[in-house]
Every structure is written in structure tokens, then in C-alpha cells.
Amino acid sequence: MTEHTLTVAGVAVDTRHWIGGERVASAETFTDVSPIDGSVLGEISRGTAAEADLAVAAAKAAFPAWAATSRAERARILHAVADGVEKRIEDLAIVETTDNGALLRSHRRGVMPRVAHNFRFFADWLLKLDHEDFETRGHTNHVSWDPAGPSVLITPWNAPLMLSTWKVAPALAAGNTVVLKPAEWTPLTASLLADIAAEAGLPAGVLNIVQGYGSEIGDALTSHPDVRRISFTGSVPTAQRITQSAAANLTPLSLELGGKSPLLVFADADLDLAVDLAVEQYDNAGQVCLAATRILVEETVAEEFTRRFAEKAAAIVQGDPRDEATDIGPNIHERQLEKIDGFVRRAVDAGARAVIGGHCGEGRYYAPTLLTDVAQDSEIVQEEVFGPVLTLQTFTTEDEAVQLANDTRFGLAATLATGDRDRAARVTQRLVAGTVWVNCFFVRDLQAPFGGSRHSGVGREGGTWSFDFYCDLKNTVTAPKGWKDHG
Ligand code: NAD
């Protein structure tokens with residue numbers, strides 16, 4: 001233990017940056033607070049442009065050797081990182097829950113195993129990454145995935161380690177070195193990842209982690225001329241800022257942003273399933289980019305749907321996320337609560353009716369809320385709330401359902417509840433969304449392309465698409481033996 005260690009439920013977490021294989025402290029710190037009870041967890045090194053430069057320099061220095069490391073060896077080390085994650089699932093789960101307020105049981109059984117899977121999946125995918133050679137007038141074309149270089153990865157607080165490793169794993173597998181900047185509200189599990197990666201034998205400088213406020217350290221990272229890739233998950237305004245900053249060096253960007261996704265419930269749907277899908281949107285206190293926050297229900301079943309929804313939602317248990325019985329934990333921060341409540345207040349002032357909720361609960365909890373009588377062009381229908389707030393609108397035809405579903409500036413995901421497969425195919429084809437779920441929600445496979453259209457993002461990651469992004473693709477054309485070009 002040093003003055004730079006904090007403990008969460010007995011788990012020691014280093015509060016310093018991780019740069020070039022060493023812990024580095026900043027002169028300034030920021031305070032990390034638990035959303036569960038507002039308790040102070042500790043003081044975290046607060047990075048500035050100086051630490052950003054140091055981290056990028058470390059990533060640059062480590063790049064040639066890591067890029068030259070065989071695929072098999074890179075894969076072996078990434079599997080060793082996955083082993084380390086699996087050994088520390090309990091530690092990671094309690095630290096993440098304490099830092100961001102999401103359910104301990106989800107972290108334990110779903111999220112942290114998935115973090116390990118992120119490393120295993122991209123290690124294995126790397127080993128089978130190939131493109132068949134092809135011929136052009138007797139010449140052979142060979143496509144290779146060359147590591148691109150130091151990559152800056154910037155992530156949000158709603159699923160900190162899951163979203164960070166979904167970028168870190170493919171970037172490292174591709175042969176890139178990384179500077180990760182976790183969200184300032186939830187920096188702790190990234191620090192544990194540094195320990196795990198070091199123990200797994202990841203060479204110094206291959207993974208660097210700098211902490212701090214995006215407004216203070218972000219530009220120095222995203223405008224750095226030695227950075228070859230930037231992958232960002234977060235809000236649209238930050239993405240716009242990063243895009244401007246990256247423009248100086250034309251640094252390629254992958255942007256995974258917000259959403260205002262629809263859940264379309266047709267009269268031919270299994271209504272119990274549709275209600276389950278709708279209530280599931282309150283998971284993680286609504287702090288899920290993919291959440292289907294706009295429920296669109298066919299008019300003939302709207303009344304029955306609403307009745308069953310209210311009944312089911314009334315059974316939701318809100319409380320301490322460490323408690324097994326809890327369904328929804330707190331929202332992340334007072335600022336977020338104020339934002340959520342502001343959206344709801346303005347919607348109600350504009351004529352919306354709260355079927356359930358519509359107000360703050362105790363502490364950092366917001367009551368699960370369903371608003372009806374909302375206009376399509378209203379703020380509550382058009383803007384991402386990022387809290388447990390859903391709207392309900394009705395439609396009478398399939399055309400109208402599609403029109404309402406597509407009528408926002410986002411295009412991240414869409415969910416359909418219907419018993420008619422032909423309808424599902426027809427509607428899916430017309431929806432603007434990176435992912436469409438039919439009679440299910442949140443089923444995600446790492447080999448699928450993931451991302452959003454319009455303001456929900458730029459580019460896709462997942463499977464081969466991740467390697468396309470993190471690599472410089474090269475085509476080498478080789479002439480046949482004895483070939484001479486006679487013009
Ligand atoms: P945010 O944009 O405020 O912050 C995200 C990250 O960007 C943080 O690490 C922050 O420090 C950093 N940042 C802030 N200013 C920066 C700057 N100028 N330069 C560089 N980095 C900067 O977003 P948030 O509030 O943390 O996250 C919520 C948003 O993330 C929501 O809109 C949500 O929909 C979105 N999200 C999207 C996905 C997806 O996969 N599409 C997943 C999760 C969350």
C-alpha cells in the first residue's frame with residue numbers, strides 16, 4: 001500500500017496513471033465518488049497534456065516491437081490477460097459496482113466474464129484473420145493487415161471495463177499500442193486492468209492508461225501527431241469536438257455514440273414478451289446507449305400493453321446494487337439526475353403524462369418513468385435522456401411505425417416485437433439502425449459489426465471490422481516469375 005492506493009471492499013486500487021510500464025502520479029488529483037451512497041472513494045491522478053504526451057511517447061516507443069511480435073505470441077499474451085481477468089472477477093465486479101452503481105450480480109455473472117471474452121475472442125480472431133490471394137493477369141494480390149500504430153481509446157462511465165476492453169483487446173491484437181482514457185467518474189477498473197496486463201506479461205508501454213477530465217487531457221491525446229487511430233465511445237458533442245481535434249492529422253476515427261432507439265410492438269406480437277422487452281429498457285438505470293427508449297405500440301393493443309407494462313414495472317426493485325434482490329441501482333451522478341429530471345419536467349410542462357414515475361427517488365435514484373401524450377417533434381422523443389425514462393406513442397399502420405421509428409437524428413438500434421416473420425423482414429429492411437433485434441434484446445456477438453448510423457456514430461467495430469479499423473490494410477501485387485512489362 002502507498003499513499004497512491006485506495007481500497008474498495010478490501011481490493012487495493014492504484015490511483016496513478018500507468019505509463020510505459022510504471023505508475024506515474026500527477027501533481028493534481030480529482031475525487032472519485034461512489035454513486036451508491038455518495039461516499040468518497042479516493043483521490044485520482046488528474047492528467048494534463050504532459051501526461052498525455054508521456055503516454056503517447058511510451059506507446060510510440062513500444063510500437064515497433066509489439067507490431068513485430070508474432071500473431072501467435074500476441075494471442076498467447078491476450079489469453080493470459082483473459083486468465084487474469086477471470087481470476088479477479090470478484091475484485092473487478094465489486095470495484096466496478098462501487099464506482100458506477102450498476103448491479104453486482106450482472107458484473108459478476110455477465111459483464112466481467114464478457115471482459116475476459118473480449119480478450120479471448122480477438123486473440124482467436126487474429127489467428128484466423130486472412131484474405132484469400134487473388135490474381136490479376138497472372139499477378140498475385142496479397143492483402144495484409146498491418147498494425148496502424150499508437151491508438152487512443154476513450155470510453156464512458158456506463159459500462160467502463162466492458163467498453164474499454166471491447167476496444168483495447170482488438171487494438172492490441174492488431175499489433176497496435178494503446179493509450180486508454182477511462183471516464184473520470186469511473187476510473188478504477190482500468191487501473192486494475194493495468195495490474196492484470198502487467199502480470200500477464202504484456203510488455204511495458206503496449207498498454208498505457210491516463211486518467212483525468214476529457215476537457216483537460218482530451219485535446220492533447222486526440223490532436224497528437226503520433227496517434228494513428230482514435231476510437232471513442234461517448235456523447236455526440238464530445239465526438240464532434242474530437243473530430244475537429246483529429247482533423248489536424250487526419251487521424252482515422254471510430255465513433256460509438258448515443259441513441260434514441262425504438263421498440264416497435266405490433267398487434268400480432270406476443271404481448272407478454274413485448275412487455276418484458278420494454279421493462280428491460282430500465283436496466284442499468286436506463287444508462288445504456290442501445291436502450292429502446294421510444295416504445296411504439298400498435299393502437300389496437302396499446303391500452304392492454306400499457307396496463308401490463310405498468311403492472312410489471314411496479315415490481316421493479318430499486319436499491320443498493322450490491323444486493324442480489326435489486327433490479328436497478330442508482331444513476332451515476334447528481335448532475336446526471338438533474339439532467340434526467342429536467343427532461344421529464346419539460347416534457348410534463350409540454351403536456352406529457354407520467355403513467356409511472358416522473359420524479360426523483362431517494363439519493364441518486366430516479367423512479368422508472370413512462371411518459372405518454374408526447375409529440376414526435378418534442379425534446380423527450382428526440383433527445384437521449386440516458387436515464388430510466390421511456391416514452392410511449394401509438395401507430396396504426398406499418399408505414400407509420402417505420403416513419404416514427406426513423407424520425408430522429410440517431411440510428412443505433414431498433415427492437416421489434418411481432419409474430420409475423422414477413423413483417424419483421426419488411427420492417428427491418430426499412431429501419432435506419434446499426435443493430436435490429438427481432439423478439440429479443442441485447443443479444444450481442446463479438447463477430448457482428450457494431451455501431452450506429454447518423455448521429456449514433458461513424459464506422460463499425462466487431463470481428464473483422466475491428467481489424468479493418470485498427471490496421472492499415474496493404475495490398476501487395478507480385479509479378480509472376482520471369483515476367484517483364486513490355487508496355
Ligand atoms: P462523454 O462524451 O461526456 O464522455 C465520454 C468520454 O469522453 C469520457 O472519458 C470523457 O472524459 C471523454 N471526453 C470528454 N471531453 C473530451 C474531449 N474534449 N476530448 C476527448 N475526450 C473527452 O459521454 P458520457 O456521458 O461519459 O457517456 C454517455 C454517452 O455515451 C451517451 O451518449 C451514450 O449513449 C454513449 N454511449 C455509446 C455507446 C455505444 O456503443 N454507441 C456505448 C455506451 C455509451
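Any value given below was found using the heavy atoms of this structure, including those in side chains, with hydrogens, waters and symmetry copies removed. Just follow the structure's listing: the first ligand is 1, and inside any ligand the first atom is 1.
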Just to be sure I read this right, does ligand 1 sit under 4.0 Å from the backbone of [X], its side chain, both, or neither, counting only heavy atoms?
| X | answer |
| --- | --- |
| Trp185 | neither |
| Leu163 | side chain |
| Arg241 | side chain |

Under 3.5 Å, is there a donor-acceptor pair between the [X] and [Y] side chains?
| X | Y | value |
| --- | --- | --- |
| Glu461 | Tyr470 | yes |
| Trp145 | Asp468 | yes |
| Trp125 | Thr464 | yes |

Report task. Run down the list Ser235, Gly452, Gly234, Ala239 and name the one with the heavy atom closest to atom 2 (O) of ligand 1. Result -> Ser235
Report summary line: Filtering Phe450, Trp166, Phe232, Phe410 for the heavy atom nearest atom 5 (C) of ligand 1 leaves Phe232
Requested in this report: Compare all side-chain heavy atoms of Trp437 with those of Arg444 and state whether any distance is below 4.5 angstrom.
Outcome: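 SC-SC contact between Trp437 and Arg444 confirmed.
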Query raised in the report: Hey, are the side chains of Trp185 and Asn100 touching, using non-hydrogen atoms and a 4.5 Å cut-off?
Result: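 No. Closest side-chain heavy atoms not under 4.5 Å.
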For [X], counting its heavy atoms only, list the atoms of ligand 1 lying under 4.0 Å from any of them.
| X | result |
| --- | --- |
| Ile154 | 6 (C), 7 (O), 9 (O), 12 (C), 20 (C), 21 (N) |
| Asn158 | 43 (C), 44 (C) |
| Gly258 | 32 (O), 34 (O) |
| Thr233 | 5 (C), 36 (N), 37 (C), 38 (C), 39 (C), 40 (O), 42 (C), 43 (C), 44 (C) |
| Ile242 | 19 (N), 20 (C), 21 (N) |

Starting from [atom], what is the nearest protein heavy atom, named by residue and atom, and what distance separates them?
| atom | value |
| --- | --- |
| atom 25 (O) of ligand 1 | Trp157 NE1, 3.1 Å |
| atom 9 (O) of ligand 1 | Thr155 O, 2.8 Å |
| atom 17 (C) of ligand 1 | Gly214 O, 3.5 Å |
| atom 11 (O) of ligand 1 | Glu184 OE1, 2.5 Å |
| atom 32 (O) of ligand 1 | Glu384 OE1, 2.6 Å |
| atom 4 (O) of ligand 1 | Thr238 OG1, 4.5 Å |
| atom 41 (N) of ligand 1 | Leu257 O, 2.7 Å |
| atom 42 (C) of ligand 1 | Cys289 SG, 3.0 Å |

Query raised in the report: Going by an N to O cut-off under 4.0 Å, is there a salt bridge joining Asp53 and Lys60?
Result: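 No.
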Query - Note: Arg345-Asp341 ion pair, threshold 4.0 Å (strictly below) - result: yes
Query raised in the report: Would the number of heavy atoms belonging to other residues, nucleotides or ligands and lying under 6.0 Å from CD of Gln376 be above 12?
Result: yes
Query - Gln240, CD atom: more than 12 neighbouring heavy atoms under 6.0 Å - result: yes
Query raised in the report: Can Arg346 be said to sit on top of Phe343's aromatic six-ring, NZ or CZ under 6.0 Å from centre and within 45° of the ring axis?
Result: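 Checked: cation-pi criterion met.
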Report task. Verify side-chain hydrogen bond (donor to acceptor under 3.5 Å, both in side chains) between Thr233 and Lys167, making sure each step is shown before the conclusion. Result -> CA-CA 9 Å; Thr233 298; Lys167 298 178 190 301; 2.8 Å; yes
